[in-house]
Amino acid sequence: MPAHSQTRDSSTEQQTAVYVYGILPADTDIEPGTAGVGDEPGEVRLIRHRDLAAMVSDVRIDKPLGRPEDLTGHEELLDSAARDLPVLPLRFGAVVTDDEAVTSELLQPHYDEFAGALDELDGRTEYVVKGRYDERTLIREVLAENKDAAALSEQVMGRDQDATRDARIQLGEILGNAISAKREEDTRSLGDALAGHVVASAVRPPTHELDAVYTAFLVETSEEPELERALERLARDWEGRVELTLMGPLAAYDFVATIEPGT
């Protein structure tokens with residue numbers, strides 16, 4: 001980390017730095033009193049350069065960021081802004097020395113890149129669809145479709161675990177492979193169902209063994225109602241099998257390059 005700026009209060013010298021959340025169009029405002037991240041959060045403000053602005057707040061450098069509430073606060077500030085305007089999110093934990101460095105290390109050298117990316121995102125936002133399998137329904141599907149799995153399930157049911165260890169391992173492998181195949185198939189089905197209402201998509205890796213789908217979509221704001229209706233139709237088709245959740249609008253984390261100060 002570069003050398004840090006220093007500010008003084010009446011009792012002690014306190015080292016601070018500038019935390020950068022993301023890049024926005026300059027013709028926006030932050031609600032006064034909006035708190036940033038950190039153990040002693042500073043007020044969120046904008047640093048403007050031409051028609052760009054960086055959303056920032058001051059943080060103390062002697063209290064490292066990393067608490068769950070810091071990450072949540074970072075995302076909530078960006079997502080809140082993304083409801084009304086395009087936002088380029090920076091990675092969590094992006095800190096520079098002072099306000100001048102925000103301009104010299106970010107806004108000036110990356111002006112063309114940032115301006116072009118904001119133009120691309122204008123009128124668009126990110127939504128994420130996540131689906132979780134109903135475990136009992138999923139197991140019934142696999143056993144109905146795979147004779148080997150069904151036979152192994154009968155073999156181990158009600159039997160001593162140690163005595164059926166090999167069969168249980170084999171059954172677990174079959175189930176794991178079958179779930180992975182279903183996840184790929186259902187991810188394609190989700191993409192097909194929403195294809196006419198999205199600009200781009202990005203499949204995220206599963207976070208749980210029962211994840212059915214986990215995909216980010218870049219959506220024109222005018223298409224948001226149609227997206228929701230298409231997802232409702234798919235949810236009806238998958239009722240009792242997959243529980244779907246729609247998250248958004250969000251900052252376009254999955255559709256912009258990671259931005260880091262000084263690069």
Side-chain angles (χ1 to χ4, degrees), residues 66-69 71-72 75-76 79 91-92 125-219 223-255 258:
R67 303 172 306 164
E69 52 264 43
L71 177 57
T72 300
E75 293 177 343
E76 286 180 347
D79 293 342
R91 63 173 178 81
F92 173 72
T125 190
E126 176 169 326
Y127 282 85
V128 173
V129 178
K130 191 167 189 177
R132 180 69 58 86
Y133 288 118
D134 177 84
E135 185 172 13
R136 292 185 178 181
T137 302
L138 178 64
I139 297 302
R140 285 199 299 269
E141 273 188 25
V142 174
L143 296 183
E145 296 167 359
N146 190 303
K147 293 182 179 179
D148 291 337
L152 287 166
S153 178
E154 289 289 336
Q155 182 180 335
V156 304
M157 189 177 300
R159 305 285 181 83
D160 180 77
Q161 291 191 9
D162 291 336
T164 57
R165 180 176 180 276
D166 290 345
R168 290 177 186 277
I169 292 174
Q170 187 177 354
L171 177 59
E173 291 175 348
I174 293 175
L175 289 174
N177 290 335
I179 292 170
S180 294
K182 285 184 175 295
R183 183 181 296 121
E184 290 183 8
E185 180 180 351
D186 290 331
T187 297
R188 286 193 295 270
S189 296
L190 171 66
D192 291 343
L194 303 185
H197 312 295
V198 304
V199 177
S201 63
V203 177
R204 293 182 172 183
T207 60
H208 188 277
E209 61 183 3
L210 291 178
D211 277 356
V213 294
Y214 193 22
T215 305
F217 296 96
L218 188 64
V219 182
E223 283 292 323
E224 289 172 0
E226 292 301 325
L227 175 84
E228 292 177 1
R229 281 191 280 270
L231 194 62
E232 288 170 358
R233 290 192 292 270
L234 184 61
R236 288 194 294 270
D237 292 341
W238 283 352
E239 186 174 3
R241 178 176 180 268
V242 177
E243 182 177 353
L244 290 173
T245 301
L246 178 64
M247 295 170 282
L250 308 170
Y253 304 100
D254 292 87
F255 302 100
T258 301

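Note that these values count all heavy atoms, side chains included, but never hydrogens, waters or copies made by symmetry.
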Listed by chain and number, what are the side-chain contact (heavy atoms from CB on, under 4.5 Å) partners of [X], not counting sequence neighbours?
| X | answer |
| --- | --- |
| L244 | V129, V213, L231, L234, A235, W238, V242 |
| E145 | E141, K182 |
| R229 | P225, E226, E232, R233 |

Closest non-hydrogen atom pair between [X] and [Y], with its separation:
| X | Y | answer |
| --- | --- | --- |
| A216 | R204 | CB-NE, 4.3 Å |
| A149 | L171 | O-CD1, 3.5 Å |
| Y214 | T207 | CE2-CG2, 3.7 Å |
| E126 | D254 | OE2-OD1, 2.5 Å |

Return a table of donor-acceptor pairs under 3.5 angstrom between the side chains of residues 187-195 and protein atoms on other chains or two or more places apart.
{"from": "T187", "atom 1": "OG1", "to": "R183", "atom 2": "O", "distance (Å)": "2.7"}
{"from": "S189", "atom 1": "OG", "to": "E185", "atom 2": "O", "distance (Å)": "3.2"}

Heavy-atom count around E75 CD within 6.0 Å, excluding the residue itself: above 12?
yes

Does the [X] side chain pair with the main chain of [Y], one donor and one acceptor, at a distance under 3.5 Å?
| X | Y | answer |
| --- | --- | --- |
| T125 | L250 | yes |
| N146 | V142 | no |
| D79 | E76 | no |

By side chain to side chain donor-acceptor pair (under 3.5 Å), which residues pair with [X], not counting sequence neighbours?
| X | answer |
| --- | --- |
| D134 | T137 |
| E154 | none |
| E239 | none |
| Q170 | none |

Can you name the residues that form a salt bridge (Lys or Arg N to Asp or Glu O under 4.0 Å) with [X], not counting sequence neighbours?
| X | answer |
| --- | --- |
| D186 | R241 |
| E209 | none |
| R165 | none |

Separation between [atom1] of [X] and [atom2] of [Y], rounded to the nearest 0.5 Å:
| X | Y | atom1 | atom2 | result |
| --- | --- | --- | --- | --- |
| S153 | D148 | OG | CG | 12.5 Å |
| E224 | Y127 | CD | OH | 3.0 Å |
| T245 | K130 | OG1 | NZ | 8.5 Å |

Qualifying salt bridge (Lys or Arg N to Asp or Glu O under 4.0 Å) pairs, either residue in residues 168-177, two or more places apart
none

Can you find a heavy atom in the side chain of H197 that is under 4.5 Å from one in the side chain of F217?
no

